[in-house]
Visitor: 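One structure follows; several queries about it will come next.
In what follows, chains carry the letters A, B, and so on, assigned in the order in which the sequence lines appear, proteins first and then strands, with residues in each chain numbered from 1.
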Amino acid sequence: MAFEAPPVPRRHGGTVTTLVSRIGWILIPLALWEVIPRTGVVSSSTLPPFSDVTAAAMRILGDPESYEHISTTLTEVLIAFVIVVPLAVISGYLIGLNSYVRSILEPIVSFFVGVPKSIFLPLLILALGLGFTQKVAFGVLQAVFIVTVTMIAGMREIPDGLQEYTRTQRASRWQDFWHLYRPAVTPVVVEGVRLGMIYTMTGVLLAEMYASRRGLGQLIAAHGTRFDIESLLAVVLIVAVISIIINVALAAYGRRVGRWRTG
Amino acid sequence: MNEQQAALEDAVPRTASETIIAVRSVTQAFRSDKSTTTALQNVSLDIRSGEFLSLVGPSGCGKSTLLRGLSGLLLPQEGQIEFRDTPLRGPEPEHIGLIFQDARLFPWKTVIDNVLFPTVLQNRNTAESRSHAMELIELVGLSGFEDNYPHQLSGGMKQRVSIARGLIQRPEVLLMDEPFGALDEFTREAMGLELLRIWEQTGVTVVFVTHSIDEAILLSDRIAVMTPRPGRLAELIEVELDRPRDENVVDSPEFVRLRRHIRDQLVESQSGGRR
């Protein structure tokens, strides 16, 4: 049986060389961070060496009091996230389903993406006070529009003609959602959720830095006002590591569910 | 009485003359802001069980509209289309399959899962349907590709998957809308001959839309020649070429004669339509 040659599958991911050079690009700045303060080019009170900061981070992580801050921030982020994702996915789905509705609402949602949310922070404090609710609300506000826009874009990913095909199969609305829309948008939604996570964290941390009694953002702000740069950088390091882990996990999941798009 | 009836039925030879789909005086018009286009005007046609029928004509002759009507996707404005003497009210996926020009596979499903999709919708995805799907994948020549994703397949291979999916519910009729139109010349001829083999093995009735006169003659028992503006059925032609056919049939005198006849028919109707 004669076939046309199937397309050669594209290779993805890294070889050993790319992995090594990637690690190099991480290690070199860290080494500079370590060496420069020790040579005295920059004073070590302005920029404490990496090893000192890491040690401080370990100390902070070993302190039971820190867990209150970490768990406060993570709970706020998680709750905001649990609100954002269904809210944005459902509204994006409803907006993207009908091209007329989309043409009206998509520009409006995009418009809100472009407005810096931090300007609403004082307003939220007046409305909700300084507590937990205000942090969560600000986290939601930061993320909800960008995830909605991603979802609306995802609805365009439905491959041409498949709606007509499922109609020839007498698929119900629910079957269309489950077998057509859901798998088609999942990779895009995961990507949107990953973005949403970054924005939610930004929102929560910003709100904590602005005015709060607890949380990692508050800790950063407090160390800053005391000019305790070593502890400040240590908390920054902790936050960076936490967000990198979440981000990498979501990206890996996104690649897994989006395998069919590239191979 | 019963005996008499049985005797009568025995007397009738079971040939391919039994009508499976009847198109009765169907008229279909599309309105836009400015004008009305009559896509089909008073078209009547009996499709015989087990035959290979092609609808041929230039773009705008209503052949795709007629095929959509046969699939139940489009309900006629006037007249009606009957499947086994019952008017069609919508798609009948268990009886009538539709193959599009583009394969329309689910890109996130493997070959076997695409083929099985109709049974999943019907909650009939059993071990039996799985082995049936494997047979169909073998029938369309894709054994070994069950677990590949569509983006790993060529255009012709995708269309083979689409045909296997169209056959999974054992439909009586397979409607095909220019299924090989997007393929290159060589693949197209090879796919046509493969389709003949599949048609002979399954006994399915095929209604095949094409604008290639050669393709229609090569494949069909009968050709319905359609002419545009308004879409009408100009002529029904019996193709009396022996089966099984191969690519050499293209050079036979009968093939050449039919080709000239259909071309004349189309040219004549076009100039006639302009008067």
Visitor: Strictly below 4.0 Å, N to O, side chains only: are A/Glu208 and A/Lys135 in salt-bridge contact?
Guide: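 No, A/Glu208 and A/Lys135 are not salt-bridged.
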Visitor: Between A/Glu106 and A/Arg156, does any NZ, NE, NH1 or NH2 come within less than 4.0 Å of an OD or OE carboxylate oxygen?
Guide: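 Answer for the salt bridge query: yes.
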Visitor: B/Glu94 versus chain A, heavy atoms under 4.5 Å apart: side chain, backbone, both or neither?
Guide: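 Neither part; nothing is under 4.5 Å.
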Visitor: Counting only heavy atoms closer than 4.5 Å, note whether B/Leu105 contacts chain A via side chain, backbone, both or neither.
Guide: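 The backbone, not the side chain.
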Visitor: When B/Leu70 is tested against each of B/Ile47, B/Val173, B/Thr65 for side chain to side chain contact (heavy atoms under 4.5 Å, CB included), which residue passes?
Guide: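 Option passing the side chain to side chain contact (heavy atoms under 4.5 Å, CB included) with B/Leu70: B/Ile47.
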Visitor: Show me the pairs that pass ring pair (Phe, Tyr, Trp, His ring centres under 6.0 Å) and involve residues 66-90 of chain B, at least two apart or across chains.
Guide: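 Ring pair (Phe, Tyr, Trp, His ring centres under 6.0 Å) check on residues 66-90 of chain B returns B/Phe83-B/His95.
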Visitor: Which bit of B/Phe117 comes within less than 4.5 Å of chain A, counting heavy atoms only: side chain, backbone, both or neither?
Guide: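 The side chain, not the backbone.
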Visitor: Let me know if B/Phe100 has heavy atoms under 4.5 Å from chain A in its side chain, its backbone, both or neither.
Guide: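 B/Phe100 touches chain A through side-chain heavy atoms alone.
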Visitor: Decide, yes or no, whether a salt bridge links B/Glu82 with B/Arg89 under the criterion of side-chain N to carboxylate O below 4.0 Å.
Guide: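 Salt bridge: no.
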Visitor: For chain B, which residues from residues 178-201 of chain A have at least one heavy atom closer than 4.5 Å to it?
Guide: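 The residues closer than 4.5 Å to chain B, in numerical order, are A/His179, A/Leu180, A/Pro183, A/Ala184.
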Visitor: Are A/Phe111 and A/Phe145 close enough that their ring centers fall under 6.0 Å?
Guide: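 No, too far apart.
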Visitor: Any carboxylate oxygen within less than 4.0 angstrom of a Lys/Arg side-chain nitrogen, looking at B/Lys63 and B/Asp177?
Guide: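 Answer for the salt bridge query: no.
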Visitor: Before accepting this row, confirm whether a basic side-chain N of the pair B/Arg188/B/Glu185 lies closer than 4.0 Å to the acidic partner's carboxylate O.
Guide: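 Judged by the 4.0 Å cut-off on N to carboxylate O distance, B/Arg188 and B/Glu185 do not form a salt bridge.
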